[in-house]
K.L.:
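First the structure, which I've put down as structure tokens, then a few questions once you've had a look.
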Amino acid sequence: MSGEPVIKTEDLSVEFQVGNGSVKALHDINVSIYDGEVLCLLGESGSGKSVFGNSILRLHPDNALVKGKIFFNGQEITALSDKEFLPLRGAQLAWVPQSAASSLNPLKSIGKQVDEVYRLHVENDKKKARENTIDLFRLLGLPRLPELADDYPHELSGGMKQRVLVAMGTSAFPKFIVVDEPTKGLDAVRKREVIKRIGHMQKTHKSTMLLITHDVAVAESLANDIGVMYAGEIVEYGSKDEVLNSPKHPYTRGLINALPQNGFHAIKGFSPSASDMPTGCKFNPRCPECTQECIDGHPKLIISESEKHVARCYHA
Amino acid sequence: MKKRRITKKIIKRVILFFIAMFVLSVVVFFLARLAPGDPLQAFYGEALDTMDESQIEAARQRLGLDDNLFVQYFKWLGGALHGDFGLSLKYKMKVQNVVNPLIGNTLGLGITAYCVVFALAIVLATVAALHEDDWLDKIICKVGTATYYIPSFWLGVVLVLIFSVNLGWFPSSGAYDVGKQGDIGNRIQHMILPLIVMIASHFWYYAYMIRNKLLDEFRKDYVLLAKAKGLTRRQIVWKHCLRNVAPTIVSIMAIAIPHVISGTVVVEAVFGYPGIGNLAVESAKYHDYNMLMMTVLLTGAFVFIASFVAQTVNEEIDPRMKVTKEIRW
Amino acid sequence: MLEFKNVTKQYRSGMFGTHLTKAVDDVSFCVGENERLGLLGESGCGKSTIAQLAMKLLKPSKGSIEYNGKNIKHMSRSEMKNYRKNVQIIFQNPQQVFNPRMKFRETISEPVRIYNLASSPEEEKKIISEHMEMFGLPEELFDRYPQEISGGQAQRIAIMRILMLKPEIIIADEPTTMLDVSVQAQILELLKEVMDKNNITLIFVSHDLDVVRAMCKRIMVIKDGQVVEQGSVDDIFDRPENEYTRMLVDSLKE
Amino acid sequence: MKKGIKSRFFSRRRSLFTIGIICSVIIAFFTIIGPFIWNADPTATDYANQCLPPSGEHWFGTDNNGRDVFTRVISGAHLSIGVALAVVGIGAAIGITVGIVAGFAGGAVDTILMRIVEIMLSFPGIIFALAVLGTLGNGTEHQIIALAAVRWAHYARLVRIETISVMNSEYLPASRAIGNSKLRIVFRYILPNIIGRVIVIATLSIGPVILAGASLSYLGLGAQIPSPEWGLMINGGKEYIRQAPWITVAPGIAAVFTAFSFNLLGEGIGDLIDPRLKEKAEVD
């Protein structure tokens, strides 16, 4: 928690125009991520966590409307024009996508695709780029080096492709990396492998990272702070130990109890779809401690110097 | 290992080629023979009425039309293997002597048109895809679709009306003026109008297909990642998308060969441009079987060779050797 | 009830089919009444192939699969229909399992129609609405298309459809991997309840050790198409003999 | 690629379809009702007023045999569109059956059928039509056979690709597992999922087939003189191009208009059914 945050957002909200109406995917997100730390956004599908990741790197399709401010090292990047923003993307801000299987160019060898980032942003020297790529692959524990670099994506397993993408994200030594669902679709053994490698990578490069996942185990092993997201809002924010060990918000408690090792106590009902959002606190239809107050008012989330661990709930 | 794999494939292709040619010749041969209408009519024309029964019988015998079909076919096949494709009933001389001088014209017209059509198609498709849904893309689409729907024979007639009849810039028919056989300039002049018609009626069909394939490519996830890597829109298209669409373009070019040849046939007929196509039309009109056989086999051979070459090239470009997946049943 | 006898499934691949990959290699096991068998293994170890072989969606290359003593390969049409009724499968990604052009009204009534479980349309409506309440699914789902509903709801509909047939065996092929944690808990709770109430035998395929431990009594650990270890839940988790199983279990404990 | 990803779901979705409908209505009006209003006999020669320019009485002027070009174009429409619809109908029917059988059965059946289709496709359509017409003789019936003999292969190939994509989908093994019979799967699962695309492709191919038919007639192999077929009229008007260009221009415009409106109709249907459906049908 030292000095100027690498990434700071003020009342960030994102809407998508669909047909004549618009769908609120994300609203008033206030978050700051400090140098060398990992903020983990924990939430289920449809909670808008990926939307937040994409808005930092401006990867939204153009029917998206981004309101609010995002600061990168103190500079407001939301004010930049596309041209001014371009040099940042890939060099300073990196992104590791969620669907590893389809995010690699099927007709290009994985080595060339990772070299491309280095040659674009660091130095356009083939040999140095390939050396850097091989080092990263070794750091991420990929087998059969250096021949593997000439393989094509369809020759690799899911876990290996995921690690190639992590290597691609970090090959230009960016200041800030968004890692979106690194363990989705991987089985237990490979999941552990990817988590270990990402942690090791983050420590050696001291990179600042936004980690997006629905898996509590990933958050537990990699995150410094955790923001629990539900229906487009952050409902709880605090350090990893506080949020996981003494959760304040009923949804976080529900999430943790639903884990297999905690006995599968499910949260009843379904997460609301973006079109028919409940009024008041978004969780009230499914919340065991719901009172009239929750239905009428919409609880706020205020993060201050004094109060680090906060929840968006009247009964927190 | 790679070299052995390619040669093995080529051998397989060559065998397939001969089988296809054999099947083609059988089909066309029997189609011709079984049809109504009397070939002698074409050979002798009016003279046939004056000949009495025995003379007609002798003529039929001389032309070998009397023995049963199978014998006729094998006699024809025997001759064909030595390069003798039988007599053209209309021109009253060996079929291949009629064909040989004309092959050059058709190939010249067809190949130039083919190259220009694809060059234009790829360029237009990329430009249209890059500016998807803005004014440039819309204009290209509208103009392209319009040219595609103008019938080539009608366009030919209109161009002849404007350029050769009124303005007199280009000759309206034939491959060269009498006596100027060798003069390349003259030949090109004769090819201009047919080429314009060929290109105008074909380029959009392929440009549209390539444009759609490019647009599909833009929607793929790796394009979003490339954007996140900091590549500009142009770089993404040059370095990634065009490269990935290449195999599809090659397969489109393979399918295009029969289309372009069909186009040549019509254009040759419209401009009276002496080539294989024109010959095919005449032989169909006057039931000149041997000539019909020759033209059909020639186009067939050309098409099969070209598509096999395209297929081999395509398999080499696309590294993902597709493993056949058992359909779950 | 259902028995695998040294079943092998191999695929030809490579340029001229010279290269053989064995997805399932000489697997034998049997499942009795009201049993809870777990198939545990990393992705790509062939556990899903076993599930599809049992459902006769794939033909075994060697060995045979028998249901109540009768080889499913040589079953007559009527025997096969009965087999289909009694042995059902829940697939992995719920949204793609339904016909995208068919509204749920028809998809749900399909099993009733195929096995004509209802003599009259009213009875059919009664059965369907009964099941809809039991699974907490709203009526307005009838006019929805598969793409328009969430994964959790789709999986509920899939299980409901199967339950209408009152099968003897349900094969669950990683039913919750694609779902979020909270939704996964709901589906597993629902599955458990359904199993106990109708004492249906379960073959649960998964790579997630916690889920298997919660759902099954007996576990088979599979590596590269072979059964490396078999035993009750406690034997596998507390006293794994095979070192591969030990590695799997340890990675869970950390 | 910001633009590439923008969903084109709502751009002029309705308008393409409506324009297509309007044009088809106009064509239908002329082809069906037209002959009753302008019931002058299209083939009756009237040497008195040869090559009259377009006027109040003769909208499109008269041709070298004094026949009113406008009436001929209308009755020609009847012929051309009739031939095209017949060809597309027959071609699609055969194509769909072959496509589904090949895709559904797979294995040896699939390879044999596809080899035949490949040979048919790799052959220039016009040459094949010439061979057929050259042997069977000219006339519209043979023209339909000649064109349909090539079209079915296009449809078969496209239908097979669609069927295969349905066969490899997740919901097919599920439909099998729930106990559907093979027949029910074909009609309840495969057909509904491919019929949309097939209709679009068939409509989109009507235009090119009209032009193909006209070019055959132009070459003198399709409809015979004196029938009012557009291709034939254009060929007939060629000699008089200088003094009476309208003889050739009128049928040409009619052909372009008809083909283009079927194209709009096809794209309109495509937009309604599935916005991504922009692939054009093959043409011979």
Side-chain angles (χ1 to χ4, degrees), chain A residues 50 53-54 56-62 82-83 85-110 112-122 150-155 161 164-172 174 177-180, chain B residues 1-2 5 122 126 129-137 210 213-252 311-325:
Chain A
S50 295
N54 289 353
I56 295 179
L57 274 108
R58 231 183 260 191
L59 292 173
H60 285 309
D62 48 15
D82 280 353
K83 273 223 171 16
F85 183 76
L86 196 57
L88 282 178
R89 201 193 298 170
Q92 318 263 357
L93 302 168
W95 180 65
V96 178
Q98 178 179 82
S99 50
S102 57
S103 293
L104 286 169
N105 182 343
L107 296 185
K108 243 183 164 71
S109 74
I110 52 170
K112 269 210 211 88
Q113 296 189 46
V114 180
D115 297 349
E116 195 175 21
V117 180
Y118 184 91
R119 290 175 62 183
L120 201 66
H121 298 298
V122 180
D150 300 327
D151 283 1
Y152 286 91
H154 67 278
E155 292 163 310
K161 275 189 222 157
V164 165
L165 286 170
V166 172
M168 195 186 290
T170 51
S171 77
I177 313 169
V178 175
V179 181
D180 194 345
Chain B
M1 222 304 272
K2 197 150 192 283
R5 188 158 52 83
I122 293 173
T126 324
L130 262 176
H131 299 271
E132 195 206 351
D133 274 353
D134 69 6
W135 55 273
L136 190 59
D137 176 34
I210 298 170
K213 286 281 182 306
L214 265 173
L215 291 184
D216 291 346
E217 209 62 25
F218 287 171
R219 287 173 175 56
K220 292 237 173 80
D221 292 343
Y222 76 86
V223 167
L224 190 63
L225 179 63
K227 194 173 147 192
K229 279 202 264 190
L231 292 161
T232 62
R233 199 177 162 86
R234 277 206 173 17
Q235 281 170 329
I236 294 176
V237 172
W238 281 113
K239 286 206 176 123
H240 291 271
C241 294
L242 269 182
R243 173 67 185 71
N244 290 7
V245 170
T248 342
I249 293 179
V250 169
S251 50
I252 290 175
Q311 269 160 12
T312 329
V313 164
N314 207 352
E315 267 147 24
E316 285 321 305
I317 292 178
D318 189 343
R320 286 172 302 187
M321 294 309 293
K322 291 184 185 54
V323 172
T324 48
K325 190 160 79 80

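All chains are named by letter (A, B, ...) in the order of the sequence lines, taking the proteins before the strands, and each is independently numbered beginning at 1. Side-chain atoms are counted along with the backbone in the values below, which use heavy atoms only and exclude waters and symmetry mates.
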K.L.:
Hey, what do you get for OG1 (B:Thr232) to CG (A:Leu120), rounding to the nearest 0.5 Å?
P.N.:
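These two atoms lie 8.5 Å from each other.
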
K.L.:
Atom CD1 in B:Ile236, atom CG in A:Asn105: separation rounded to 0.5 Å?
P.N.:
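Here the interatomic distance stands at 11.0 Å.
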
K.L.:
For A:Leu57 and B:Ala228, which heavy atoms make the closest approach, and how far apart are they?
P.N.:
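Heavy atoms only, the tightest pair is CD2-O, 4.4 Å.
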
K.L.:
For residues A:Leu107 and B:Pro247, report the shortest heavy-atom separation together with the two atoms involved.
P.N.:
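For A:Leu107 versus B:Pro247, the nearest heavy atoms are CD1-CG, 4.1 Å.
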
K.L.:
Considering residues at least two apart in sequence or located in another chain, which fulfil the side chain to side chain donor-acceptor pair (under 3.5 Å) criterion with A:Asp151?
P.N.:
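With sequence neighbours excluded, A:Asp151 shows a side chain to side chain donor-acceptor pair (under 3.5 Å) to A:Arg144, given in chain and number order.
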
K.L.:
Closest heavy-atom contact between B:Tyr222 and A:Leu104?
P.N.:
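Minimum heavy-atom contact is CB-C, 3.8 Å.
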
K.L.:
Go through the structure and list residues passing side chain to side chain donor-acceptor pair (under 3.5 Å) with A:Glu116, not counting sequence neighbours.
P.N.:
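Result, side chain to side chain donor-acceptor pair (under 3.5 Å) vs A:Glu116: B:Lys229, B:His240.
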
K.L.:
Can you give me the closest heavy-atom contact between B:Leu225 and A:Pro97, atom names plus distance?
P.N.:
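Heavy-atom minimum between the residues: CD1-CD, 3.6 Å.
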
K.L.:
At their closest point, which heavy atom of A:Leu86 faces which heavy atom of B:Gly230, and how far apart are they?
P.N.:
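Scanning both residues completely, I find the closest heavy atoms to be CD1-O, 4.2 Å.
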
K.L.:
Contact between A:Pro106 and B:Asn244 at the side-chain level, heavy atoms closer than 4.5 Å - yes or no?
P.N.:
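In contact.
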
K.L.:
Please classify the contact of A:Leu88 with chain B as side chain, backbone, both or neither, using a heavy-atom distance under 4.5 Å.
P.N.:
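Looking at A:Leu88, nothing touches chain B.
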
